[in-house]
Amino acid sequence: MRIATYNVNGVNGRLPVLLRWLEQTAPDIVCLQELKAPQEKFPEKAILEAGYHAIWNGQKSWNGVAILSRLDNIQEVRRTLPGDEEDTHSRYIEAIIDGILVGCLYLPNGNPAPGPKFDYKLSWFERFKTHAAYLLSEEVPVVLAGDYNVMPTELDVYKPERWLDDALFRPETREAYKTLVDQGWTDALRKLYPDEVIYTFWDYFRNAYGRNAGLRIDHFLLSPQIAPRLKAAGVDRDVRGWEKSSDHAPVWVELSALVWNSS
DNA sequence: ATGACTCTTCAAAAGAGA
């Protein structure tokens, strides 16, 4: 079972890239962020023809998240993050697929910081932590995948000293991520590659991809009921080099079907 | 320290992204 997450940066503008990547790598489940499309403009037909059923939460111009599955077995649980009825951003959607609860998130960027956008980021983060703690209390297999807009440590930034005041790297943001993980989650890529430089984003400026001036901001968090099934994980780095690519690359985890019980 | 690029939209300039 392969689950992937991909910030597409415009699901219609990037559709050829998305379809090519789906065909090449054929993940079982896909979380998409930054659809940048209203609900009625989601390319459902093209996605279906590519072999995927989908649920999505669109929004005009910005945000937007979706969950795709090769099997028609998506049980939608929610399409908003609990805790603030006033929040109009489409940044969260959650479903149960094959007994796995999948949460697809697009955490706010938060720049410029400090300011109202940074406040929104931190309050969204707090709501997300509250919900994540609830999911842990359910003691079921949970995968929280998406664009967290956080570089967790200095290892995750090409030049940490340049990002100290940025909303993606400020102490408050890193602390929020750390306390989230410390609830009992496994950061899948760091678990398998504790010391490696891994990036999931390279901006469009100054040949950042060519220079490998990247960031690791797209993450997979696994609950204890599924973390032992983690077999492999990686970044489809080459996709970032394709024509008309998103500024993010897809990230994936491979989960074994069964856990070996040593007792 | 700036600005580099690319997306979106009542469709030209502007906001957002990270």
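Worth knowing before you read on, the calculation uses all heavy atoms, side chains too, and leaves out hydrogens, waters and symmetry mates. Chain identifiers are assigned alphabetically (A, B, ...) following the order of the sequence lines, protein sequences preceding nucleic acid strands; residue numbering begins at 1 within each chain.
With both ends at atom P, the span from B:dG15 to B:dC10 equals 15 Å, rounded to whole Å. The separation of B:dA4 from B:dG17, taken at their C1' atoms, amounts to 14 Å, rounded to a whole angstrom. Using atom P as the reference point in both B:dT6 and B:dA18, the two lie 16 Å apart (nearest Å). When the C1' atom is used for both B:dA11 and B:dC7, the distance is 14 Å, rounded to whole Å. For B:dA12 and B:dT2, the C1' atoms lie 25 Å apart once the distance is rounded to whole Å.
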Show the atom names and distances, to 0.1 Å, of all donor-acceptor pairs under 3.5 Å that link a side chain in residues 94-105 of chain A to residues at least two apart or in another chain.
{"from": "A:E94", "atom 1": "OE1", "to": "A:Y92", "atom 2": "OH", "distance (Å)": "2.5"}
{"from": "A:E94", "atom 1": "OE1", "to": "A:H131", "atom 2": "NE2", "distance (Å)": "2.7"}
{"from": "A:E94", "atom 1": "OE2", "to": "A:R78", "atom 2": "NE", "distance (Å)": "3.4"}
{"from": "A:D98", "atom 1": "OD1", "to": "A:N73", "atom 2": "ND2", "distance (Å)": "2.8"}

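Counting to the nearest Å, the C1' atom of B:dA1 and the NZ atom of A:K159 are 14 Å from each other. Atom CG in A:N12 sits about 12 Å away from atom P in B:dC7, given to the nearest Å.
Salt bridge status for A:R170 with A:E172: present, with a side-chain N to carboxylate O gap under 4.0 Å. Checked for salt-bridge contact, A:R190 and A:D156 meet the test: a charged N lies under 4.0 Å from a carboxylate O. The residues A:E175 and A:K178 are annotated as not salt-bridged, no charged nitrogen and carboxylate oxygen being separated by less than 4.0 angstrom.
Taking the six-membered ring where the residue is Trp, A:F128 and A:W124 present parallel rings, their angle staying beneath 30° rather than reaching 60°.
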**Request:** Start with the C-alpha distance between A:Y204 and A:N9, add both sets of side-chain angles, then the distance that settles side-chain hydrogen bond (donor to acceptor under 3.5 Å, both in side chains), and finish with yes or no.
**Result:** CA-CA 12 Å; A:Y204 291 120; A:N9 187 12; 3.1 Å; yes
**Item:** Contact pattern, 5' to 3', of nucleotides 10-18 of chain B - B, S or - by protein heavy atom under 4.0 Å
**Value:** S-----SBB
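Dashed line: the shortest gap from a side-chain N or O of A:K244 to OP1 or OP2 of B:dC7 is under 4.0 Å.
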